[in-house]
Chemist: 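I'd like to ask you about the structure that follows.
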Amino acid sequence: MRRVEYIPEYSMEVLFSSDSIQCFDLKSKKVVCSRSYRERIANITKVTFNSFRVYNKSNKLIDSISIDLASERSRVATGAQYIRDLFMDTPTHGYYFGTYEIGEFSLLKGEELVIKCSYPLKYCSKGCVTPENTFYFGLRESESINGPHSYYLVKLDWNNKEKPLILWKKSIPSSIMGISRIEDRLYLGLKTGTIQIWDIEKDEILKSINLFNNPISTMELGFDSIIATSWKGETASITPEGDIQWRIKLTQEKIETILGDIEKITIVDIKGNYFQLNSKTGNIIEKGIWDLISVRGATIASNLILFRDWFVLTGYGGVWAFWNEDYGKIFHFYMEDTLIRKLYPHPLGFYTGDDTGYIRFWKIGGIRTSYRV
């Protein structure tokens, strides 16, 4: 027996033979996953766009399978406990910022994740890295267990990896909820609802913008602007110079994630309500709700990335992906008791950082089975 099924939603072919199944990625031109059987396959039926039933020559069900958009291929533990941010300078090399540790990691040729070096800290939040290997990140300190707390923006030289050097630590009003960089400007989104713009060549603050009267929930770079959202469902666009282009109230819920390009911005709140806005004006182009597979108490908790024309995000209930051309087509991978807060795209998959301190690499393709041979 030999049969080929095309899954256009994944740009993938599924090759069925008498004793195995192979998933062939049409973009990388490689077999990305496979499964072998002791019992010979005689027939298959397609159930949904990505699921099949496999039968023997007696028409007995051997297996019921689903082809995944992506599957976890490797993971590495850190001492961070909670991964707050990931920053990649190449597709296979990057940095992590966690509550109790920051560090550097790589993805090796065998798809193995390794930690190259790390540096312990206490109460670190968001961060970013410059091409010169300078770290900028938020830090919270307290005189006692119950506070009061002091908050700082920290500049650290990572070039001496055996003993990274903190160059300075400057006081800021509150915790950093988002951080972005454009050339020599650093943009901080604070829990006070304020955005600060810093000149990182002069090591000084240039401007402070009172954007919301409640905490900023997330902040990302748009095509030619800074996009920020709030805990009370607001979104605003800021020019690199710090001028407010537009500001809009979208929902009553906390907005957790932003993804922008030259034409539109996609916004999703914690309940899965999504909005697509005109990047220049903030006008709503489209809105709706993404079905979170009826997982009880499911909410969105991560940023949003685009992978193979799929919107990918995570939260309580696992990993979700919604096909850009048909939001009714969903990929969902349940992860019990693991909260992923940060995703970063890779040409063949994506990275995640979670609340167990693990960095994981997910790659295109995977075969999930309901039956064991």
Side-chain angles (χ1 to χ4, degrees), residues 3-17 20-36 44 46-52 54 63-76 86 88-94 105-114 257 259 261 266 290 293 302-315 317-335 338 340 342-354 358-370:
R3 180 169 161 183
V4 179
E5 288 285 345
Y6 177 43
I7 304 181
E9 296 87 346
Y10 294 169
S11 297
M12 188 184 298
E13 287 180 344
V14 186
L15 314 176
F16 294 90
S17 65
S20 67
I21 301 170
Q22 292 184 331
C23 293
F24 183 78
D25 178 24
L26 294 170
K27 292 196 174 182
S28 65
K29 306 298 182 184
K30 292 181 180 179
V31 174
V32 290
C33 55
S34 62
R35 177 174 173 80
S36 298
I44 65 164
K46 190 172 186 177
V47 182
T48 65
F49 81 96
N50 68 331
S51 65
F52 304 86
V54 181
D63 203 354
S64 186
I65 67 168
S66 61
I67 307 302
D68 287 340
L69 172 66
S71 59
E72 183 188 334
R73 300 302 174 89
S74 63
R75 67 175 74 174
V76 64
L86 297 174
M88 307 297 297
D89 56 3
T90 74
T92 58
H93 179 265
F105 68 96
S106 290
L107 181 69
L108 304 182
K109 287 186 177 180
E111 296 177 358
E112 177 190 2
L113 280 168
V114 295
T257 187
L259 183 66
D261 60 29
T266 301
W290 285 343
I293 316 295
S302 79
N303 61 308
L304 179 71
I305 62 171
L306 189 63
F307 170 61
R308 291 288 176 90
D309 291 326
W310 288 71
F311 290 108
V312 183
L313 70 175
T314 68
V319 179
W320 286 278
F322 298 88
W323 194 30
N324 193 18
E325 296 183 24
D326 178 3
Y327 296 154
K329 290 186 176 178
I330 302 169
F331 163 73
H332 177 238
F333 190 95
Y334 179 67
M335 298 179 70
T338 298
I340 294 171
K342 186 66 179 182
L343 300 93
Y344 204 102
H346 177 278
L348 296 178
F350 51 89
Y351 298 95
T352 60
D354 61 44
Y358 279 99
I359 299 170
R360 304 167 193 253
F361 175 62
W362 299 68
K363 188 177 179 181
I364 182 74
I367 300 174
R368 271 192 283 181
T369 68
S370 299

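The first residue in the sequence is number 1, and the count goes up from there. For clarity, every value in this text was computed on a predicted model and none was experimentally measured.
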Chemist: If we ignore angles and hydrogens, is there a donor and acceptor under 3.5 Å between the side chains of Asp25 and Ser28?
Modeler: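 Yes, because at least one side-chain N or O of Asp25 sits under 3.5 Å from a partner of the opposite role on Ser28.
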Chemist: Are side-chain heavy atoms of Ile21 and Val54 found at a separation under 4.5 Å?
Modeler: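 Heavy-atom side-chain distance check passes, below 4.5 Å.
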Chemist: With rounding to the nearest 0.5 Å, note down the distance linking CG in Leu343 to CD1 in Ile305.
Modeler: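 Going from the CG atom of Leu343 to the CD1 atom of Ile305 covers 5.0 Å.
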Chemist: Do Leu348 and Arg308 come close enough that some side-chain heavy atom pair is under 4.5 Å?
Modeler: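 They are in side-chain contact.
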Chemist: Got a sec, which residues hit side chain to side chain contact (heavy atoms under 4.5 Å, CB included) with Arg3, two or more places apart in sequence or on another chain?
Modeler: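 Residues passing side chain to side chain contact (heavy atoms under 4.5 Å, CB included) with Arg3: Met1, Glu5, Phe16, Asn43, Ile44.
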Chemist: Nearest heavy-atom pair of Ser302 and Thr257: which atoms, and what distance?
Modeler: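 So the two residues come closest at O-CB, 3.3 Å.
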Chemist: List for me each residue that meets salt bridge (charged side-chain N to carboxylate O under 4.0 Å, His left out) alongside Arg73, sequence neighbours excluded, and say none if there are none.
Modeler: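 Arg73 satisfies salt bridge (charged side-chain N to carboxylate O under 4.0 Å, His left out) with no other residue.
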Chemist: Side-chain contact test, heavy atoms from C-beta onward, threshold under 4.5 Å: evaluate it for Met335 versus Thr314 and give yes or no.
Modeler: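 They are not in contact (no side-chain heavy atoms under 4.5 Å apart), so the answer is no.
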Chemist: By side-chain hydrogen bond (donor to acceptor under 3.5 Å, both in side chains), which residues pair with Thr90, not counting sequence neighbours?
Modeler: none
Chemist: CG of Asp309 to CG of Leu69: how many Å apart, nearest 0.5 Å?
Modeler: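 One finds 10.5 Å between CG of Asp309 and CG of Leu69.
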Chemist: Please find the pair of heavy atoms, one from Ile65 and one from Asp63, that lie closest to each other, and give the distance.
Modeler: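 It is CG2-OD2, 3.5 Å.
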Chemist: Answer whether the closest heavy-atom distance between the side chains of Phe105 and Leu86 falls below 4.5 Å.
Modeler: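 They are in side-chain contact.
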Chemist: Compare every heavy atom of Cys33 with every heavy atom of Gly365, then report the nearest pair and how far apart it is.
Modeler: C-SG, 3.9 Å
Chemist: List the residues meeting salt bridge (charged side-chain N to carboxylate O under 4.0 Å, His left out) with Glu72, not counting sequence neighbours, and say none if there are none.
Modeler: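 Listed in chain order: Arg75, Arg360.
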Chemist: At their closest point, which heavy atom of Gly317 faces which heavy atom of His332, and how far apart are they?
Modeler: O-NE2, 2.8 Å
Chemist: Before you tell me yes or no, could you show the steps for Ile67 and Ile367 under side chain to side chain contact (heavy atoms under 4.5 Å, CB included), namely the whole-Å CA-CA distance, both residues' side-chain angles and the distance that decides it to 0.1 Å?
Modeler: CA-CA 5 Å; Ile67 307 302; Ile367 300 174; 4.0 Å; yes
Chemist: Just checking Lys46: does its NZ atom have more than 12 heavy atoms from other residues, nucleotides or ligands closer to it than 6.0 angstrom?
Modeler: yes
Chemist: Any chance you could measure Thr92, atom OG1, to His346, atom NE2, to the nearest 0.5 Å?
Modeler: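 One gets 6.5 Å once the value is rounded to the nearest 0.5 Å.
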Chemist: Let's go through Asn303 and Leu313 carefully: what are the C-alpha distance in whole Å and the side-chain angles of both, what is the deciding distance for side chain to side chain contact (heavy atoms under 4.5 Å, CB included) to 0.1 Å, and is it a yes or a no?
Modeler: CA-CA 6 Å; Asn303 61 308; Leu313 70 175; over 6 Å; no
Chemist: So which heavy atom on Glu111 is nearest to which on Ser74, and how close?
Modeler: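 That would be O-OG, 2.7 Å.
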Chemist: Going by side-chain hydrogen bond (donor to acceptor under 3.5 Å, both in side chains), name the residues that satisfy it together with Ser20, two or more places apart in sequence or in a different chain.
Modeler: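 Result, side-chain hydrogen bond (donor to acceptor under 3.5 Å, both in side chains) vs Ser20: Ser17.
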Chemist: Which atoms form the tightest heavy-atom contact between Leu108 and Val114, and what is the distance?
Modeler: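 Leu108 and Val114 have their closest heavy atoms at CD1-CG1, 3.9 Å.
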Chemist: Would you confirm whether the ring centroid of Tyr10 sits within less than 6.0 angstrom of the ring centroid of Trp310?
Modeler: yes
Chemist: Just so I know, are the side chains of Ile359 and Thr352 near enough to count as touching, which here means a heavy-atom distance under 4.5 Å?
Modeler: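 In short, these two side chains do not touch, never coming nearer than 4.5 Å.
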Chemist: Would you sort out whether Asn50 and Glu9 count as a side chain to side chain contact (heavy atoms under 4.5 Å, CB included), showing the intermediate values?
Modeler: CA-CA 9 Å; Asn50 68 331; Glu9 296 87 346; over 6 Å; no
Chemist: Say you draw a straight line from OG of Ser36 to CD of Gln22; how long is it, rounded to the nearest 0.5 Å?
Modeler: 8.0 Å
Chemist: Out of Phe350, Tyr351, Tyr344, which residue meets the ring-ring contact (aromatic ring centres under 6.0 Å, His included) rule with Phe361?
Modeler: Tyr351
Chemist: Measure centre to centre between the rings of Trp362 and Phe307, then say whether the value is under 6.0 Å.
Modeler: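 They do not qualify: ring centres at least 6.0 Å apart.
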Chemist: Out of curiosity, Ser71 OG to Phe331 CZ, how far, rounded to the nearest 0.5 Å?
Modeler: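 Nearest 0.5 Å value for the OG-CZ distance: 7.5 Å.
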Chemist: Leu26: what forms a side chain to side chain contact (heavy atoms under 4.5 Å, CB included) with it, not counting sequence neighbours?
Modeler: Tyr6, Glu13, Phe24
